[in-house]
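Because the structure is a prediction, the values reported are computed rather than measured. Per chain, numbering begins at 1; letters A, B, ... match sequence-line order.
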Amino acid sequence: MPKLRVATVWFSGCSGCHMSFLDLDERLLEFAERAELVFSPVADVKEFPDDVDLVLIEGAVGNSEHLHQLLEIRKKAKILVAFGDCAVTGNVPSLRNPLPREEVLEAVYATADPPGLEEGEVPKLLPQALPLHAVVPVDYFLPGCPPSADRIWKFLRPILLGQKPALSGPDLKFG
Amino acid sequence: MINLTIDGMKVQAEEGETILQAAKRAGIRLPTLCYLEGLSPRGACRLCLVEVRNWGGRLVPSCATPVQEGMDIVANSPRLRELRRTILEMIFAERNHICAFCVSNGHCELQDLAMELGMDHVQLPYRWPLLPVDLSHEKYGIDHNRCVLCGRCVRACAEVEGAMTWGFSGRGIFTLVEADLGDPWGKSTTCTGCGKCVQACPTGALFEKGKATSEQVKRPEIIVEVTERRPRA
Amino acid sequence: MNALSERVEEIVRPYSGKPTELIQALHKVQSAIGYVPREAQEAVAKTLGVPPSQVRGVLTFYHFFRTRPAGRHTIRVCLGTACHVRGGERVLSALKEELGAEVGETSVDGKFTLEVARCLGCCGLAPVMMIDEEVYGKLDPKKARQIVRNVP
């Protein structure tokens, strides 16, 4: 069986979900036997490759770069997973959503029009931080803030074995 | 005694009992949120709805519907699961129910219901309103962003404590639970500070000040404990 | 005890000790005073024997009741189907700007209260508004502003 081409992506989130992924510890060895990590914040790859079998996306869609990437990723990945609460619900990044974008920028940068935005050097903040499924179809939801390594493995292992994952009950706990 | 069927099981109930009570005794679990033992039923959240097959498949809230002879009730079915999940999603989408930064994370009835009903995400668009948080009371706080408008606090205050401090103001999604004439809680002239509303609250809307998330465990069962100690009217 | 509370107690005395007459009592107060101020809410609660929270609940549930004074004139902009199609929203935006008031609010000079209606029953004249008992039809934002400016 050829190795599964897996990618992980980091949008508007704290990277806690990626930390939890690394907490798979010795299970990472089994992961490496069955999968190849083709794109990830922990792998030095610049371009999201074509023909990805599985992508785990951590974080909400918070700026124009995330939006652009997500649309590209959806075209290139077979199975797209909302990885953790920020990707599933908006979570902490969505705390700003009741406020106008200008007010948020003003509070953080002391100006509603920080430099670099117009020139395209810095991606524009979207009016609201969105869960992934508000932008593209999502195949699986893996909630948790962060999902524990055990929960990640319960989800990931069936996919590595060519089966369908089915989380239920306590494994769906938000927060 | 009244004879009825719930999910094909023959169940006996006393006159005046609700479908929910009969189901509970028969060991059939129904999800509830606005219902709290010791308080009058309200039928506000609709999560406990069941289908009465011989009433043309009509949906009724089991917490507020008395049993009737010969009722043929469906308590669990794919249709009901779908309906309950949609109702739950509406509650989640209406205000801010993000568990990660809530005082009730880990001991919240709404969070538990999401697990029970298999809600892995909310398909409906979130509203993300900006509602006030009132911290004027010495011991307690109210965060309207976390409120599900179940009315358990309003009923606990009126029916058990008899203070009638809490009421609903406004209507629809703009409804708020407010004290007296809409005053800050700490300025209320009717509130006794008993805290029954806080214990009755299923989410992090009402909370005790100075308690960490891990200590913020509610005891809604005190409502029935208090009412049972009283002589029946 | 101030004069207003005394006046309200006078008005609602027939409902003394009758909690079920709450809506009726609030109606009486509003038609006498024009709105239901806080002192009146307190007086109604006390006289009828209703918890303040219930008085507040009823007052805020029904759009009819006001808790702040209305302007000398009431403008009702129609947003019914015909008026909606023919630009009622634009008329409303123009009036909000002209008066510096949102729907349900009163202009700072106390002259106008701005309200909306769902149909005023003269769709042929759409978009329409009413100022007190007078109907004005075939409006546009400019015309609506001018009419409002000419009200004495």
Side-chain angles (χ1 to χ4, degrees), chain B residues 34 39-40 42 44 129-132 134 136-137 140 142 144 147 149-198 200-201 205-206, chain C residues 1-2 4-9 11-12 15 17-23 25-30 33-69 79 102-105 115-118:
Chain B
C34 73
L39 300 177
S40 65
R42 189 179 167 86
L130 185 60
L131 299 175
D134 180 357
S136 60
H137 194 280
Y140 314 114
I142 178 166
H144 294 285
C147 178
L149 301 173
C150 65
R152 278 160 50 161
C153 54
V154 176
R155 281 173 286 154
C157 187
E159 296 171 14
V160 186
E161 181 63 6
M164 301 190 184
T165 301
W166 292 122
F168 292 109
S169 76
R171 55 158 84 187
I173 53 173
F174 303 108
T175 305
L176 293 179
V177 168
E178 289 189 319
D180 297 343
L181 294 172
D183 306 313
W185 190 0
K187 292 260 164 65
S188 168
T189 51
T190 57
C191 176
T192 61
C194 73
K196 289 188 184 72
C197 53
V198 178
C201 175
L206 288 164
Chain C
M1 175 72 59
N2 60 36
L4 183 62
S5 305
E6 275 173 34
R7 194 166 155 218
V8 171
E9 280 184 20
I11 295 166
V12 301
Y15 311 112
K18 294 179 184 162
T20 53
E21 301 288 336
L22 177 57
I23 292 178
L26 292 171
H27 264 286
K28 284 267 168 173
V29 172
Q30 181 154 310
I33 303 174
Y35 70 115
V36 189
R38 192 186 163 95
E39 296 92 322
Q41 297 169 27
E42 285 166 354
V44 167
K46 202 175 104 192
T47 312
L48 273 68
V50 175
S53 56
Q54 277 181 26
V55 174
R56 166 117 180 131
V58 168
L59 268 178
T60 55
F61 185 85
Y62 294 105
H63 296 312
F64 173 82
F65 292 118
R66 301 170 189 285
T67 54
R68 275 172 295 181
L79 295 179
E102 291 297 309
V103 173
E105 290 181 355
E115 288 187 350
V116 291
R118 287 298 151 195

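Comment: B:Asp134 does not engage B:Lys187 in a salt bridge, judged by the lack of any side-chain N to carboxylate O separation of less than 4.0 angstrom.
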| Step-by-step side-chain contact (heavy atoms from CB on, under 4.5 Å) determination, C:Arg66 to C:Val36 | CA-CA 6 Å; C:Arg66 301 170 189 285; C:Val36 189; over 6 Å; no
| task | Go through the steps for B:Ser40 and B:Glu159 under the test side chain to side chain donor-acceptor pair (under 3.5 Å), then give the verdict. | result | CA-CA 8 Å; B:Ser40 65; B:Glu159 296 171 14; 2.5 Å; yes
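No more than 12 heavy atoms of other residues, nucleotides or ligands sit less than 6.0 Å from atom CZ of B:Phe174.
Between chain C and the options B:Asp180, B:Leu181, B:Asp183, heavy-atom pairs under 4.5 Å are most frequent for B:Leu181. Of the listed residues (C:Ser53, C:Pro52, C:Pro51), the greatest number of heavy-atom pairs within a distance under 4.5 Å of chain B belongs to C:Ser53.
Heavy-atom distances place the backbone of B:Thr165, and not its side chain, under 4.5 Å from chain C.
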